[in-house]
Amino acid sequence: MKDTGESKEQQFTVALRLRPLSDAELDESATIVAHRVDQQMVVLMDPLEDPDDVLRANRSREKTYMFDVAFDYSASQEEVFRGTTKGLIEGLISGYNATVFAYGPTGCGKTYTMLGTDKEPGIYVRTLNDLFRAIEETSDDMMYSVSMSYLEIYNEMIRDLLNPSSGFLDLREDSKGEIQVAGITEVSTINAQEVMELLVRGNRQRTQEPTAANQTSSRSHALLQVCVKQQSRSPELQQEVRFARLFMIDLAGSERAAQTQNRGQRLKEGAHINRSLLALGNCINALSDKNGHKYVNYRDSKLTRLLKDSLGGNSRTVMIAHISPASSAFEESRNTLAYADRAKSIRTRVKKNLLSVTYHMSQYTSIITELRAEVQRLQKKISEQDRRHSSERADIRHVQAEVQAHSSQEVERLREQLLQGFKEQMEIRRNLMELENSNNELQVETSRHLLIIADWEQERSRRRRKWRLEQQKESEGKEESEDWDSSESAPEASETREASTARENLLLLMSEQKNLHKQKE
Ligand code: ADP
Ligand code: MG
């Protein structure tokens with residue numbers, strides 16, 4: 001990969017979302033202790049009112065937190081999407097990596113924000129919808145390929161949520177140092193409805209915790225990865241390919257990890273501690289260190305290995321922290337707010353991922369390069385030839401001198417013959433050399449024309465595809481109409497003048513080449 005994109009410093013964006021009180025919370029007559037004050041501020045009130053508690057007596061009962069954006073129960077899915085993720089899409093198709101993750105205790109709305117429901121789809125589908133729309137809008141000039149994978153990390157084991165029967169998958173580092181999941185299913189689709197079905201089906205495959213408060217996936221992380229590759233349709237020989245990865249992550253419940261984290265305990269193997277989440281917390285702690293000198297250990301867990309670029313490196317990253325507003329959730333909410341507050345000071349450096357490829361077009365480039373080398377070789381040969389030629393002339397002078405010395409008639413006749421022989425030999429050599437040079441020029445010309453034809457053919461197949469799509473759309477529209485003639489076939493797009501001239505020239509060049517071969521013989 002060529003690192004030609006400029007890099008920019010980018011802050012970790014941290015959003016906070018407060019969900020509505022749940023029925024269960026209402027049943028236990030919980031009160032609301034967390035409020036959104038304005039677009040950025042959230043206040044949390046300590047529900048404990050115990051005047052005898054000496055420790056708390058002198059403490060302020062409320063604490064405010066500032067975030068990049070704050071949402072409460074009244075915020076719609078669309079508003080949350082617009083306020084957190086929408087802005088990443090333009091970057092994504094220009095080659096900037098991005099990551100969005102949902103953080104918070106179990107039952108606080110992470111899955112609701114990311115996956116959502118059929119009626120109220122979340123960030124996954126809204127993002128893909130927008131991405132496909134952005135691609136459609138620029139697809140006349142750009143070619144895209146989008147692929148998607150969906151996986152779960154549970155107890156440090158990776159499962160493919162689109163193909164759960166494939167067992168546990170491993171992480172591999174590729175030659176560019178990027179972490180990949182070996183053998184993961186990658187789907188290419190640009191239909192948002194299909195995507196939603198895939199994801200809902202995938203989500204049902206997430207590992208369930210029987211003891212969990214809301215019965216679903218409190219210890220599993222779900223990662224949706226979207227890869228976008230883009231390149232221009234212009235027929236340049238050297239093509240710039242941009243590609244970027246978007247991670248959208250529904251993290252495991254933070255309840256146990258956050259407590260461990262806030263007590264400053266080191267990461268350790270424990271029955272109820274989620275290694276990936278703890279490692280994530282440790283990385284965030286180290287990354288947000290004001291002096292910036294802390295060592296960041298990404299290798300501690302699968303999640304942090306996968307997110308290495310997103311956290312400390314090349315990604316625009318958004319964290320959406322979730323809390324319940326209920327008094328009964330006070331401790332967890334305080335832990336979550338403190339954690340999210342720390343994440344605010346992380347800065348990442350982003351740069352465009354550019355890749356200079358030599359595509360099928362490049363075959364021609366290499367042909368031309370080879371031909372150039374060949375021409376150079378021949379030129380060298382010609383100049384050597386010239387040098388030899390002059391030394392041969394020296395030989396002739398020598399012969400002439402001898403001949404003059406003897407000056408007999410017989411010798412004079414021999415001299416004539418010899419000179420004639422030399423001349424003829426020289427002439428033939430020179431002709432051969434010229435023939436070879438024009439052969440090389442012909443080949444360069446031929447390559448150039450082939451190139452034009454190849455371009456045209458690519459353009460034609462693109463047009464045909466577009467025409468077929470339009471026909472399909474039209475035929476769906478015309479289904480009921482009777483005079484619809486389905487036998488119509490694709491219009492044979494007439495060749496551009498450039499392409500047909502290239503074709504004609506190619507034929508001429510080929511016959512010229514034949515002639516040359518004959519002459520050489
Ligand atoms: P988590 O994934 O964090 O464990 P869920 O997303 O499963 O939590 O949310 C728990 C419950 O609360 C679900 O029934 C969900 O539909 C509901 N819920 C969460 N956030 C909201 C919200 N903003 N508006 C309405 N219902 C919500
Ligand atoms: Mg969930």
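Each ligand, and each atom within it, is numbered from 1 in the order the structure gives.
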Could you list which atoms of ligand 1 come closer than 4.0 Å to a heavy atom of [X]?
X	answer
Lys110	1 (P), 2 (O), 3 (O), 4 (O), 6 (O), 8 (O)
Arg19	19 (C), 20 (N), 21 (C)
Pro20	21 (C), 22 (C), 23 (N), 24 (N), 25 (C)
Arg17	23 (N)
Thr106	4 (O)
Pro105	3 (O)

Query - Arg316 to Tyr96 six-membered ring, cation-pi geometry met (6.0 Å, 45°) - result: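 Checked: cation-pi criterion met.
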I'd like to know if [X] pairs up with [Y] as an ion pair, taking the criterion as any Lys NZ or Arg NE/NH1/NH2 lying under 4.0 Å from an Asp or Glu carboxylate oxygen.
X	Y	value
Glu25	Arg19	yes
Glu152	Arg159	yes
Arg133	Glu137	no
Glu470	Lys466	no

Requested in this report: Measure from the Mg ion (ligand 2) to each N, O or S atom of Thr106 and report whether any distance is below 2.8 Å.
Outcome: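 Within the cut-off used here (under 2.8 Å), Thr106 places no N, O or S atom near the Mg ion (ligand 2).
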Query raised in the report: Does ligand 1 have any atom that is closer than 4.0 Å to a heavy atom of Gly107?
Result: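 It does, in that a heavy atom of Gly107 comes within the 4.0 Å cut-off of ligand 1.
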Query - Gly253 near ligand 1 by a heavy-atom separation under 4.0 Å - result: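 No; Gly253 lies far enough from ligand 1 that no heavy-atom distance drops under 4.0 Å.
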Query raised in the report: So which of Thr185, Asn203, Asn163 actually passes side-chain hydrogen bond (donor to acceptor under 3.5 Å, both in side chains) with Tyr150?
Result: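 So, applying the side-chain hydrogen bond (donor to acceptor under 3.5 Å, both in side chains) to Tyr150 and each of Thr185, Asn203, Asn163, only Asn203 qualifies.
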Query raised in the report: Would you say ligand 1 has an N or O under 3.5 Å from any N or O of Thr111?
Result: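 Looking only at distances, the answer is yes, because the N/O contact criterion of under 3.5 Å is met.
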Query raised in the report: Is the CD atom of Glu156 crowded by more than 12 outside heavy atoms at less than 6.0 Å?
Result: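 Atom CD in Glu156 is crowded, with more than 12 foreign heavy atoms closer than 6.0 Å.
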